[in-house]
Number of protein chains: 2
Amino acid sequence: MFLDAAGEKLIADIFNGELQPGQMDRFKQQIEFILEVDKLKHVLRKTILMDRSRRENSAEHSWHIALTVMVLSEYARNADIDFFRVMKILLVHDLIEIDAGDTYCYDDQGRKDQAEREKSAADRIFSILPPDQAGMFRELWDEFEERKTPESRFANALDRVQPFLHNYFTRGQTWQDNDIKSDQVRARMQPVNDGAPVLWSYVNSLIDDAVEKGFLSE
Amino acid sequence: MFLDAAGEKLIADIFNGELQPGQMDRFKQQIEFILEVDKLKHVLRKTILMDRSRRENSAEHSWHIALTVMVLSEYARNADIDFFRVMKILLVHDLIEIDAGDTYCYDDQGRKDQAEREKSAADRIFSILPPDQAGMFRELWDEFEERKTPESRFANALDRVQPFLHNYFTRGQTWQDNDIKSDQVRARMQPVNDGAPVLWSYVNSLIDDAVEKGFLSE
């Protein structure tokens, strides 16, 4: 149950609205979840904002790519996919970071136990919700991770393109700070090809350009 | 056109992918828009995060309420509305704040020219996109503002409930800092009733409780 900063349980049984007792428990779980996910705003990513003023957090990143669905949908490899589902996948995909943290994509050490950490996180966080919704959220997250459906592939493409754009348009600051090479970026971006071939083509030409301009080492 | 921090135009004509020349312009406008909306992450709201550590920004807020659609959809006044559209409305609804800033809902002075400021902002920001998409985004924003469709009413309800929950569960810190009274909060929350009567009932009981606990003055 959500406890406020002073430790007092504040979802009280004071709500005498239209809900029956059973529905009341369901409603509390839903509110509890909405309060819990606020923590994603504290999870910092390696990516920096376009003006380089600070690092981005995972809530901001999730908003950005969910919005991007509306802008770049025409480049999905499969044109007739369920974009509502893509959007839901993207809104949910990073929630596990509340417990597991953001694992830098080039951190080979951190990535070793990443799957395990994230699975435990999913178990805890989604189960705050009523069982039917917990199941739905878990399915969306599993789908994102498995990268098998066309919706998931497009979602993964956008998830990789956005931080790449931040890197390129801040002249590779994060690449340089972390000594990342062009081959690593190209390998990391591979799923973009599965989800959105045109974006992959664009990403590739920007990688070449980044190397040429000295933003990224070969 | 997007200029990076060093002033150099970085969307170069280097992209020799699958796109025709006309499509190329379209693609550039889309990327330009994706870079531009990054600025929403700098727009600070009055709302503070649940742990009271700092103020929330409008990108975080937009993510939070878009996610909330998935959790609270069953409480929409109209059960068979287009929740995909609700989600799109919410992802877009604050973009105008990039130019117009966040106007505090209880700032009567600031609200006088709010509509005008926001209209100019919408004109500039959405027109970065190709015309068809600019029109679609503008429609979503107008729909949100007009509060006439059931989708817009539910979107507005969620947009008001989320900061209210932050206020209540941080024991009314922002209410107290800005000398807000319960009548003002009740008036501000009225649209919740149009969009989600059960949530309105919940909000009302929390307002009563906040007054009783001393988080909010009568």
Side-chain angles (χ1 to χ4, degrees), chain A residues 2 4-6 10 12 14-19 27 30-31 33-35 37-42 49-53 56-57 59-60 62-64 66-68 70-72 75 83-84 87-88 91-92 129 133 136-137 162 165-166 168-171 197-198 200-202 204-206 208-209, chain B residues 2 4-6 10 12 14-19 27 30-31 33-35 37-42 49-53 56-57 59-60 62-64 66-68 70-72 75 83-84 87-88 91-92 129 133 136-137 162 165-166 168-171 197-198 200-202 204-206 208-209:
Chain A
F2 183 81
D4 82 335
L10 274 175
I14 49 165
F15 172 34
N16 297 308
E18 292 88 308
L19 298 180
F27 185 74
Q30 291 165 329
I31 296 295
F33 182 78
I34 290 167
L35 302 178
V37 300
D38 194 61
K39 293 175 183 166
L40 194 64
K41 300 168 190 170
H42 297 291
L49 299 189
M50 289 291 178
D51 72 349
R52 315 187 196 196
S53 59
E56 186 185 44
N57 69 57
E60 296 169 326
S62 299
W63 165 76
H64 206 162
L67 185 77
T68 300
M70 299 169 57
V71 180
L72 299 180
Y75 306 109
F83 289 106
F84 187 21
M87 204 175 263
K88 289 190 279 191
L91 290 171
V92 167
L129 284 165
Q133 292 187 323
M136 172 186 72
F137 274 67
Q162 183 259 353
L165 290 177
H166 280 245
Y168 177 85
F169 286 101
T170 56
R171 302 172 157 258
V198 169
W200 168 244
S201 187
Y202 176 59
N204 255 308
S205 62
L206 290 192
D208 292 343
D209 191 59
Chain B
F2 183 82
D4 83 334
L10 273 176
I14 48 165
F15 171 35
N16 298 308
E18 294 87 308
L19 298 181
F27 185 73
Q30 291 165 330
I31 296 295
F33 182 79
I34 289 168
L35 302 178
V37 300
D38 194 61
K39 294 176 183 165
L40 194 64
K41 301 168 189 170
H42 296 292
L49 298 189
M50 289 291 179
D51 72 349
R52 313 186 199 197
S53 59
E56 186 184 42
N57 69 56
E60 296 169 326
S62 298
W63 165 76
H64 206 162
L67 185 76
T68 300
M70 299 169 58
V71 180
L72 299 181
Y75 306 109
F83 289 106
F84 187 22
M87 205 173 262
K88 289 189 280 191
L91 290 171
V92 167
L129 286 165
Q133 293 188 322
M136 173 186 73
F137 273 67
Q162 183 258 353
L165 291 176
H166 279 245
Y168 177 85
F169 285 101
T170 56
R171 302 173 159 256
V198 168
W200 168 243
S201 186
Y202 176 58
N204 255 309
S205 62
L206 289 192
D208 291 344
D209 191 58

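Order of the sequence lines sets the chain letters (A, B, ...), proteins ahead of strands, with each chain counted from 1.
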Name of the residue among Leu206(A), Thr68(A), Thr170(A) meeting side-chain contact (heavy atoms from CB on, under 4.5 Å) with Leu165(A): Leu206(A)
Separation of Leu40(B) CG from Trp63(B) CH2 (nearest 0.5 Å): 15.0 Å
Evaluate the side-chain proximity of [Y] to [X]: yes if any heavy-atom separation is below 4.5 Å, no if none is.
X         : Y         : result
Tyr202(B) : Val198(B) : no
Phe33(A)  : Phe137(A) : yes
Asp38(B)  : Glu60(A)  : no

Worked check of side chain to side chain contact (heavy atoms under 4.5 Å, CB included) between Arg171(A) and Arg52(A): CA-CA 10 Å; Arg171(A) 302 172 157 258; Arg52(A) 315 187 196 196; 3.3 Å; yes
Largest heavy-atom contact set with chain B, pairs under 4.5 Å, which of Leu72(A), Asp208(A), Val37(A), Asn204(A): Val37(A)
Options Lys41(A), Lys88(A), Gln162(A), ranked by heavy-atom pairs under 4.5 Å with chain B, top entry: Lys41(A)
Contact leader toward chain A among Glu56(B), His166(B), His64(B), where contacts are heavy-atom pairs under 4.5 Å: His64(B)
Which atoms of [X] come close to chain A, meaning under 4.5 Å heavy atom to heavy atom: side chain ones, backbone ones, both, or neither?
X         : result
Leu129(B) : side chain
Phe83(B)  : both
Gln30(B)  : both

Atom group of Asn57(A) that falls short of 4.5 Å from chain B, counting heavy atoms: side chain
